[in-house]
Each structure stands twice: as C-alpha cells, then as structure tokens.
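To start, the structure itself, in structure tokens.
Protein chains get the first letters and strands the later ones, always in sequence-line order, with residue 1 at the start of each. Because the structure is predicted, anything quoted here is derived from the model rather than measured.
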Amino acid sequence: MSEKIFITGGTGMVGSEIVPLFLQETDAHIYLLLHEKGIADDKASIIESFFSLPPKKEFLERLNIVQGDITKDHMGLSEEEYRGLTKVITHVLHVAASTKFDLPLGEARRINVLGQNTVATFARDCTHIRQCGFFSTLYVCGKRTGRVKETELDHTAGFVNTYEQSKYEAEMSLRDFSKEIPISVFRLSTVIGSSTSGKVSHFIAPHQAIRMMHLGLAAMLPGTPDFLVDLISSDYTARIIFDLFWKKFLPDTTFHIAGGRKSFTLQEIIDESYRQIAIVEPAWALRGYPKPAIVPGEVFDLFMESAIAANNPVLQSTLRALNHFAHQMLYPKEFDQKNLLKVLPDYKKNLPDIRDYYGKIIQYCLKTKWGRLQQHGTIDQVHTKNM
Amino acid sequence: MSYRLPKHKESVDELEKDGRLNSPASLLRQFGFEYCHFQKSSNDMSALLLESAQEIVTPKNREGISRIFLYSGVEDEIETGSNSNVLDLFRYPVAELRHKLGLTTPNVLAVSQQGCSGMLSIIDMASRLLATSDTPNDSILCVGADTLPKWSKREIMYNLMSDAAASVIVSRDCSKNRIVHFHQEIQSYYWDTPQHENELLASYFPLAQRAIETAVAGAHLKMSDIKWLIPHNVSMRSWEILAKLLHIPMNRIWTENIARIGHTVSCDHFINLVEMEKEGLLKKGDNLALFTFGFGASWSCLILEH
C-alpha cells in the first residue's frame with residue numbers, strides 16, 4: 001500500500017514549505033486539510049500560489065484537498081468522507097495551530113488542544129496508521145529558565161501567553177494518544193521566514209515588533225540585551241521535520257528545533273533591524289527613530305499601564321502586540337537538542353545563521369508592506385534578485 | 001533666579017468641570033497633577049515677565065547686563081481681519097521688558113520654537129557667549145514666559161499646564177550654579193507635533209535616557225554623582241519610568257511641584273530650583289541635572305554645579 005499523508009496547516013509558514021518536499025521527494029499521496037472555503041476545487045492554483053511549484057500533472061494527481069475544520073467533530077467531514085480517509089491514511093502530520101498570542105485561553109484551547117485532539121483521534125481511527133507528527137513550540141516550557149530538555153514537559157513555572165499554555169496542554173493530552181499510535185512531537189522555535197527567499201507567509205509577533213520599530217512606535221522592550229531571541233528559518237525547519245517525520249521517524253520522541261547560537265541576541269536583533277531597514281529605506285533612517293530601550297519587566301509594565309490609563313489607542317495596540325510575547329524575554333533559557341542531534345548529527349552544521357538571511361526577511365517585510373501586498377504567498381512586487 | 005505664576009489657581013476637578021481638560025481629572029491625578037495656575041482674563045505675559053525680572057535685576061547687577069534673551073514657546077495670539085493693523089505683529093515683549101526695567105545698554109533678542117527646551121537653550125547660548133567675553137562682570141538676563149491662549153485647554157499630551165514666567169541671570173563669575181555641560185538631542189523629523197504625536201510618545205523615553213546619560217558623561221560625571229535630577233514637571237508616571245531607566249532612585253528627583261503647579265512650557269526647572277533652595281535642599285557643590293523635552297523636537301539636559 002502506498003503512503004498516504006494527511007496534513008493539517010499545510011498552507012502555513014512551515015506547512016507550505018513541507019508540502020512541496022512531499023510532492024517533490026516522495027511518491028506519497030497528500031491529503032491536505034484546508035479550512036478555507038471555495039479553494040478546494042482549484043488544486044493548480046494552490047500548488048502554484050502556496051507551494052511555489054508548477055502545477056504538474058503528477059502533483060495534481062497526488063494532491064487531494066479535504067475541506068474541513070479541526071475545531072469541529074470529525075474535522076467537519078461527512079461520516080462517509082471521514083470513514084473513507086481512516087481506511088487509507090498511513091501518516092498524519094498535524095501542523096495547524098493558532099499562533100496568536102493574545103487569544104482568550106478558551107479560544108486558544110479550542111484550536112490548539114481540542115483541535116489537535118480531533119486530529120489525534122482521527123489518526124487513532126486510521127486502520128493503517130504508521131506515523132504521526134505533531135507540531136508544538138519550544139515555549140511549552142513557559143516561564144522556565146535555564147536548560148530545557150526535550151524529554152521534559154511538566155512544570156509549574158507558568159506561561160507568558162495563552163498560546164504557550166494551550167500548546168503545553170496539547171502536548172499533555174498527546175500522552176494518552178501516544179499509548180495507541182506512534183507519535184513524534186516537533187517543538188519549533190519562532191519561525192521568522194525563509195532563509196533563501198526571505199519570504200514570510202505568516203506575520204507573527206516578532207514581525208509585529210519589527211514593524212513597530214519601522215513605525216517609530218517601539219519605545220521599549222522587556223528583557224536583557226544579551227537574551228537570545230531564538231529564531232529559525234521556515235525552509236530549514238521544513239527540511240528538518242521532513243527528515244524526522246519521513247526518513248528517520250522515531251515514535252514517542254520529542255525534538256527541539258531551535259536556532260540556538262545562530263540566532264540574534266535581543267540587542268543584536270534591534271541593531272540589525274534598524275540597519276537593515278535603513279538599507280532598504282534610506283529616507284527612513286533620516287527620521288532618527290531611537291532604538292527601543294531594553295528594560296526590566298516592571299518598567300515595561302509601568303509604561304504599558306500608563307498607555308492603557310491614557311487610553312491612547314495607537315500606543316495601546318502597539319504595546320499589546322508586544323506584550324504577549326515580549327515577556328518571554330525575561331526568562332532566559334537554552335534548549336537541549338540531544339534527541340535531534342542523535343538523529344540528525346549535522347543539524348547545527350547545516351542550520352542557516354540568521355545573520356546571513358535576516359536582511360532578506362526585512363526586505364520582504366518592507367516590500368510587501370508587512371504582508372498586505374501578499375497573495376497566497378506569491379509576491380510579484382518583490383524582487384529577490386539581489387537578496 | 002526668580003519666577004512668577006498667575007494668582008488664579010484651579011484644581012483638576014474644577015478644570016474638568018469647566019471642560020478644560022482632554023483627559024478625565026482622575027487620570028491627571030493618577031499622573032501626579034492636582035493644581036494649575038493660569039491667567040484667567042488675559043494671555044498677556046509681560047506683567048508676569050516684568051515682575052519676575054524685577055526681582056533679580058538689582059541696582060548692583062543691572063549695569064553688568066549686556067544682553068537680554070527672551071524665550072517664549074507659544075506664539076502670541078494675533079487678531080487678524082480686514083481691520084487689523086499689520087504693525088501689531090511688530091510689538092516685541094523683549095524690548096518692552098528692557099524698557100520697563102529701565103535698562104539702557106543691553107542688546108535684546110527673542111527666541112522661539114524650541115518648546116519646553118527653550119529656556120535651557122538660551123542659557124546655553126548665554127554661557128557660550130560669555131565664555132568669549134572679556135568684559136568683567138558681563139552677564140546676560142535670560143527670561144522665559146509662556147501663557148497658553150485663552151481658548152486652550154490646560155492639558156497637553158496628558159500633562160497639566162500652568163502659565164509662568166522665569167528669569168535667570170547668567171554671569172561669568174557667578175559663585176553658584178556653575179554651568180558644567182549642556183547636551184541637546186534634536187530630532188527634526190518630529191517638527192510637526194500633531195502629526196507625530198504617537199511617535200513622540202514612543203521615542204520620549206529612549207531619547208530622554210540618551211540625552212541625560214550623554215550630558216552626565218559630557219560633564220565627566222557618573223549618574224551616581226548627580227545629587228538631584230531637576231525635572232520638568234510632566235507626569236509623575238513618566239518620571240517613575242525614567243528613574244528606572246536611569247537607575248536613579250525617585251527620592252533624587254524633586255517632584256513636589258508636579259502636583260502643586262504642573263508643567264509650564266519652559267520655566268519648570270527654575271521654579272523648582274527656587275523652591276528647592278527655599279527648602280534648603282541644595283548644598284554647595286551638588287551636581288544637578290536639569291532635563292526637559294521640547295516639541296520640535298529636542299531632548300535637553302543641563303548639568304549645573306550648585
């Protein structure tokens with residue numbers, strides 16, 4: 001029986017880089033669960049716009065679009081479609097999640113815990129299931145500090161935002177499923193964009209922080225200058241997960257996919273953001289926006305309280321955008337990668353250094369006006385020739 | 001140095017009742033404000049200015065005054081219309097002050113467009129001029145006065161505003177308040193204040209920190225050498241934040257006048273210094289850092305040795 005892979009979140013930042021690997025480097029059939037309405041019929045356009053591949057006949061034949069919703073029973077599929085899939089699917093890769101840091105906890109749980117469990121239940125229902133991969137985040141460790149092992153999960157340190165908490169709870173609930181199905185968990189760092197093209201398909205909190213600097217609205221960031229802001233590229237993350245999931249699958253194993261020392265410190269990312277923005281927009285540099293002050297959490301909170309009290313809508317929304325992730329920078333930690341390095345010993349050697357591609361990310365952000373000119377990931381307006 | 005405030009005084013509650021605040025009185029109180037002084041029936045600053053200057057121009061020092069510098073950050077209201085006389089535009093308070101003080105020798109000059117930084121800037125100008133003077137006892141009378149227009153509210157960007165005038169004599173051989181160093185950061189991109197209000201609010205703290213630290217370093221001092229940080233009387237909350245950024249305890253920032261008077265455009269430091277001196281808080285040799293931010297935009301810090 002040929003492999004049939006069921007993938008959720010296949011059009012997201014990492015998902016849209018993984019699916020092309022399956023299409024190009026395997027013979028497997030892909031079953032892509034898409035939430036979006038009305039696009040299920042147009043496979044050619046999905047292949048072109050989300051996966052940047054030509055709509056070859058072979059790809060069209062191997063790609064199946066399943067329109068559904070992980071937050072609904074049976075993923076919103078009809079009984080017939082659900083049962084049909086459980087008879088053929090051999091692999092499940094659950095990528096979909098809400099990466100919004102400011103969702104109410106109930107909403108974050110609905111998507112990230114219940115949604116995940118719906119997919120895990122589906123995997124368990126599949127009669128030929130061989131391998132399952134579930135995406136998580138490095139920050140399930142929440143406010144823990146120090147060295148964090150891949151084998152560790154339980155803690156009482158608390159969380160910076162509802163995303164971290166919901167993903168922690170999601171991992172907890174996978175423990176029960178892992179008794180019945182083979183599961184690998186991939187804990188990802190913050191995915192900043194493609195190291196080759198600079199493409200950012202989903203603009204998340206760190207991009208918002210850079211945008212605030214670009215707008216001259218970033219007054220301060222909590223943390224310390226030497227805090228390591230762990231970032232990783234979407235293309236390398238996709239390659240690593242493809243290898244871990246497809247080529248070297250290890251059940252009951254968790255992997256830390258982190259940028260480590262090939263990321264920036266907080267001071268470096270501020271300095272480099274200003275330098276790179278000035279390269280793309282020399283006129284911007286003449287504005288003389290000061291770099292945000294790096295401050296203790298209490299100072300940031302005091303400033304936040306003042307903005308809230310003053311009811312200044314622009315500063316409030318800016319600070320709220322920063323608030324839900326920036327406090328993580330008060331909890332320095334290092335992510336142990338023993339499991340990962342055992343399976344992929346060249347991981348660190350091949351890991352792209354953010355210093356080599358950050359300029360491309362900034363260029364992409366500015367040229368697409370922070371994603372506003374983006375259409376399904378294809379940016380005609382962006383010229384990457386000189387990147 | 002000396003200062004004058006209008007006699008009329010209102011609390012934030014009274015101002016709120018009269019519709020003269022943008023924010024609720026409770027917010028301004030939360031930010032440390034309680035009262036402000038303003039001219040109720042006129043926005044003529046000359047009377048305040050004259051009283052303030054008369055207090056420090058004495059028979060003993062008047063002959064040494066070679067120049068008068070006036071700073072005013074708020075333009076006078078000019079009546080316009082078909083019956084207006086264009087000559088009304090040429091009535092100069094600095095000349096009026098010279099005349100009413102009975103001074104016959106000083107040159108006069110008025111400066112504007114530096115927001116709340118103006119007084120510190122004219123004092124810096126004065127000290128630089130005096131440094132090149134070879135006249136014994138040469139001195140410059142620096143005066144500042146600002147009254148907000150009658151129609152205006154008494155709040156600017158979450159700060160309660162008073163009218164005031166202040167006068168300072170800068171002299172070559174003064175034994176007190178020696179000017180040690182002045183540093184000013186100018187960010188002219190922010191020249192259009194209403195257009196850049198949010199960017200200004202965001203940049204205030206990083207640039208305030210930079211201006212103060214640069215001034216202190218320029219005076220060959222450490223932050224711990226500064227006995228008093230003399231504030232402009234803006235929101236108490238902003239000083240709590242800045243104190244933490246500068247690693248200065250709040251008890252080294254003299255904030256008593258924030259509640260009593262609120263913020264004047266450019267006279268705060270001199271009002272505060274006069275009051276601190278009256279309270280016996282300043283000792284000879286104390287290093288003082290006077291910091292202010294002015295629309296336009298400038299972040300200024302003057303280091304004095306008392």
Would you say [X] and [Y] make side-chain contact, with heavy atoms under 4.5 Å?
X: B:Ile179; Y: B:Leu304; value: yes
X: B:Val111; Y: B:Phe69; value: no
X: B:Trp254; Y: B:Glu275; value: yes
X: A:Ile308; Y: A:Met304; value: yes

Are there donor-acceptor atom pairs under 3.5 Å between chain B and chain A, and if so which?
unit_1   : atom_1 : unit_2   : atom_2 : d
B:Tyr189 : OH     : A:Arg287 : NE     : 3.4
B:Tyr189 : OH     : A:Tyr289 : OH     : 3.4
B:Asn198 : OD1    : A:Asn312 : ND2    : 3.0
B:Glu199 : OE2    : A:Tyr289 : OH     : 2.3
B:Arg237 : NH1    : A:Ser306 : OG     : 3.3
B:Lys244 : NZ     : A:Glu298 : OE1    : 3.0

Engaged part of A:Leu319 at the chain B interface, taking heavy atoms whose separation is under 4.5 Å: neither

Minimal non-hydrogen separation, [X] against [Y], with atom names:
X: B:Phe293; Y: B:Leu200; value: CZ-CD2, 3.6 Å
X: B:Ile303; Y: B:Ala215; value: CG1-O, 3.7 Å
X: A:Gly193; Y: A:Val200; value: CA-CG2, 4.2 Å
X: B:Leu229; Y: B:Ile226; value: N-CG2, 4.2 Å
X: A:Val148; Y: A:Cys141; value: CG1-CB, 3.9 Å
X: B:Asp146; Y: B:Gly73; value: OD1-N, 2.9 Å

Proximity of residues 112-127 of chain B to chain A, residues having a non-hydrogen atom under 4.5 angstrom: none

Residue-level contacts of residues 255-273 of chain B with chain A, using a heavy-atom cutoff under 4.5 Å: none

Test side-chain contact (heavy atoms from CB on, under 4.5 Å) applied to A:Pro313 - qualifying residues, sequence neighbours left out: none

side-chain contact (heavy atoms from CB on, under 4.5 Å) between A:Val295 and A:Leu221, worked out: CA-CA 6 Å; A:Val295 299; A:Leu221 288 169; over 6 Å; no

Any donor-acceptor N or O pair under 3.5 Å, side chains B:Ser162, B:His37: no

B:Asp18 side chain to B:Leu15 backbone, donor-acceptor under 3.5 Å: no

B:Ile241 portion near chain A, given a 4.5 angstrom heavy-atom threshold: both

